[in-house]
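Inspection log for the structure reproduced underneath, given as structure tokens.
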There are 2 protein chains.
Amino acid sequence: MNPLHLSSQLCFPFYAISKEIIKRYRPLLAPLNLTYPQYLVMLVLWEKDFVTLKSIGERLQLDSGTLTPLVNKLISTGYIEKTRNPEDERQLVIKLTESGQQLQQQAKEIPAKITEVLGLDEEEYARYKEMLDELACKLEVKGGKC
Amino acid sequence: MNPLHLSSQLCFPFYAISKEIIKRYRPLLAPLNLTYPQYLVMLVLWEKDFVTLKSIGERLQLDSGTLTPLVNKLISTGYIEKTRNPEDERQLVIKLTESGQQLQQQAKEIPAKITEVLGLDEEEYARYKEMLDELACKLEVKGGKC
DNA sequence: TAAAATTAAATTGTGCACAACTTAAATATA
DNA sequence: TATATTTAAGTTGTGCACAATTTAATTTTA
């Protein structure tokens with residue numbers, strides 16, 4: 001077992017599976033005019049509206065260099081708006097538009113469709129999910145359960 | 001348990017952990033003048049030299065739009081060379097330079113350093129690896145063990 | 001064997017991802 | 001309370017990732 005072989009790496013299946021899962025999201029998200037990272041931002045906002053760019057970034061592990069253009073895209077698509085916090089003008093406060101709120105109804109079908117296209121049953125899904133949450137804790141990846 | 005919550009998604013920990021792992025590779029690969037995707041290409045070539053661009057792409061699940069500029073970067077760094085297969089001029093054959101072969105010696109330290117910075121013991125590493133390989137099979141992600 | 005279909009790379013364009021830096025606002029401290 | 005420090009976004013530049021298209025070589029088939 002050569003540790004320099006691709007098949008010995010833990011990193012590679014993560015990289016490959018992550019890309020594969022995002023690929024399977026693409027046709028489901030395209031009708032909503034969303035990319036996968038944009039969908040993540042919408043998930044955060046559907047959980048809690050009126051949040052700062054900074055807090056979205058902490059949740060998704062993305063910096064302003066990624067989020068600023070991404071948020072501008074979502075604004076031009078019409079799903080969100082940005083204002084400044086009057087008590088701290090540095091902070092950008094993101095809120096859903098009417099259209100962004102309504103989109104949640106369409107998006108509700110996506111989780112079920114995804115488990116379908118991944119071809120995993122409920123038990124498998126839960127087992128993988130648990131293992132990943134555990135590893136996320138170990139690696140201290142924020143936005144998770146610990 | 002709202003299925004539209006970020007914390008319910010299988011995709012997100014994959015996305016976040018994958019980015020986190022790549023982030024931890026970065027300082028280890030920087031002294032070798034490699035990015036993570038470039039390191040993956042080198043891993044493939046250290047396993048088997050003189051392979052086509054197409055076969056590298058199949059192994060890593062990357063298309064020519066990604067690989068062509070990446071390979072050109074590795075050429076300008078001096079680790080690989082490209083020639084055409086004289087029996088089929090469409091095919092690009094990639095081979096390691098002297099420098100690219102020597103790099104393997106330095107790279108041999110990386111797997112051990114990575115397990116160290118990930119903070120996983122051998123048992124944990126093996127357990128996660130097994131589960132990922134299993135999922136890769138289920139999702140029919142090529143380049144894996146099935 | 002000439003035309004059609006297929007294949008391998010390359011090209012073009014969009015959208016992340018992130019490092020490094022800049023700008024402006026708020027807070028801390030001398 | 002001026003000055004220094006910190007903080008939140010924004011900007012710039014590099015490097016993937018991938019869809020869609022183009023180009024050129026090879027193979028198929030009419």
Side-chain angles (χ1 to χ4, degrees), chain A residues 11-12 14-27 29-30 33-42 51-77 82-94 141 143, chain B residues 11-12 14-27 29-30 33-42 51-77 82-94 141 143:
Chain A
C11 56
F12 182 65
F14 262 107
Y15 168 81
I17 293 172
S18 177
K19 283 195 306 168
E20 177 65 26
I21 294 179
I22 292 172
K23 194 176 294 178
R24 298 195 188 186
Y25 267 95
R26 214 162 282 135
L29 295 175
N33 285 303
L34 290 176
T35 63
Y36 179 72
Q38 290 166 16
Y39 173 65
L40 293 180
V41 171
M42 296 305 287
V51 290
T52 62
L53 189 74
K54 173 118 177 89
S55 69
I56 296 174
E58 280 168 359
R59 196 80 195 284
L60 301 179
Q61 302 286 286
L62 296 171
D63 69 7
S64 67
T66 302
L67 279 177
T68 296
L70 201 157
V71 155
N72 289 338
K73 188 69 190 25
L74 285 172
I75 291 168
S76 73
T77 309
K82 61 180 175 186
T83 55
R84 292 276 168 180
N85 179 356
E87 281 163 23
D88 186 342
E89 288 283 340
R90 288 171 305 181
Q91 295 184 343
L92 202 59
V93 178
I94 309 294
V141 175
Chain B
C11 55
F12 181 65
F14 262 107
Y15 168 81
I17 293 172
S18 177
K19 283 196 304 170
E20 177 65 26
I21 294 178
I22 291 172
K23 193 175 296 179
R24 298 196 187 185
Y25 267 95
R26 213 162 283 135
L29 295 176
N33 284 304
L34 289 176
T35 64
Y36 179 71
Q38 289 166 16
Y39 172 66
L40 293 180
V41 171
M42 295 305 287
V51 290
T52 63
L53 190 73
K54 172 120 179 87
S55 69
I56 296 174
E58 281 168 358
R59 196 79 195 284
L60 301 180
Q61 301 287 285
L62 295 171
D63 69 7
S64 65
T66 302
L67 279 177
T68 297
L70 201 158
V71 155
N72 288 338
K73 188 69 190 25
L74 285 172
I75 291 167
S76 73
T77 309
K82 61 180 175 185
T83 54
R84 293 276 169 179
N85 178 356
E87 281 162 23
D88 185 343
E89 288 283 340
R90 291 171 305 181
Q91 296 183 342
L92 202 60
V93 178
I94 308 296
V141 176

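Each chain gets a letter, A, B and so on, in the order the sequences are listed, and its residues count up from 1.
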task: Give the minimum heavy-atom separation between B:Tyr25 and A:Cys11, together with the two atoms involved.
output: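 Result for this residue pair: OH-SG, 3.1 Å.
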
request  = Provide the closest heavy-atom pair for B:Lys19 versus A:Leu60 in the form atom of the first, atom of the second, distance.
outcome  =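 Minimum heavy-atom separation between B:Lys19 and A:Leu60: NZ-O, 3.5 Å.
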
Please state how far atom [atom1] in [X] lies from atom [atom2] in [N], giving the value in whole angstrom units.
X	N	atom1	atom2	answer
B:Leu74	D:dG15	CG	P	11 Å
B:Lys73	C:dA10	NZ	P	17 Å
B:Tyr36	C:dA17	OH	P	16 Å
A:Leu60	C:dA17	CG	P	10 Å
B:Asn85	D:dT26	CG	C1'	12 Å
A:Leu92	C:dA24	CG	C1'	14 Å
A:Gln91	D:dA8	CD	C1'	7 Å
A:Asn72	C:dG15	CG	P	12 Å

Between B:Leu53 and B:Tyr15, whichever has its closest DNA chain C nucleotide further toward 5' is B:Leu53

Nucleotide of [options] approaching [X] most closely (side-chain heavy atoms):
X	options	value
A:Arg90	C:dA25, D:dC18, C:dC16	C:dA25
B:Arg26	C:dC16, C:dA9, C:dA19	C:dA19
A:Lys82	D:dG10, C:dA17, C:dA24	D:dG10
B:Lys19	C:dT6, D:dC18, C:dC18	C:dC18
B:Gln38	C:dC16, D:dC16, D:dA9	D:dC16
A:Glu89	C:dA25, C:dA19, C:dC16	C:dA25
A:Asp63	D:dA9, C:dA9, C:dC18	C:dC18

Tell me whether B:Thr68 contacts the main-chain N or O of B:Gly65 through its side chain, where contact means a donor paired with an acceptor under 3.5 Å.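 Pair absent, no side-chain N/O of B:Thr68 close to backbone of B:Gly65.
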
- Query: Is there a donor-acceptor pair under 3.5 Å between the side chain of B:Arg84 and the backbone N or O of B:Val93?
  - Reply: no

| message | Just N and O in the side chain of B:Arg84: are any of them under 4.0 Å from OP1 or OP2 of D:dT26? | response |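 Answer is no, no contact under 4.0 Å.
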
| Does A:Thr68 put a side-chain nitrogen or oxygen below 4.0 Å from OP1 or OP2 of D:dG10? |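 It does, given that an N or O in the side chain of A:Thr68 lies less than 4.0 Å from OP1 or OP2 of D:dG10.
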
So what does [X] hit on the nucleic acid, given a heavy-atom distance under 4.0 Å: a base, only sugar-phosphate, or nothing?
X	answer
B:Asp88	sugar-phosphate
B:Leu67	nothing
B:Ile22	nothing

request  = Kindly say whether, by distance alone, the side chain of B:Ser64 makes a donor-acceptor pair under 3.5 Å with the base of C:dA10?
outcome  =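 Yes.
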
Handout entry: hbond_proxy A:Thr35 side chain to C:dG15 base (donor-acceptor, 3.5 Å cutoff)
Key = no

- request: Walk me through it: do A:Leu74 and A:Leu34 pass the test side-chain contact (heavy atoms from CB on, under 4.5 Å)?
  value: CA-CA 8 Å; A:Leu74 285 172; A:Leu34 290 176; 3.7 Å; yes

### Task
Measure up the A:Tyr36 and B:Tyr15 rings against each other and bin them: parallel (under 30°), tilted (30 to 60°), perpendicular (over 60°).
perpendicular

Sorted by position of nearest nucleotide on DNA chain D, 5' first, the leading residue of B:Glu87 and B:Pro69 is B:Pro69

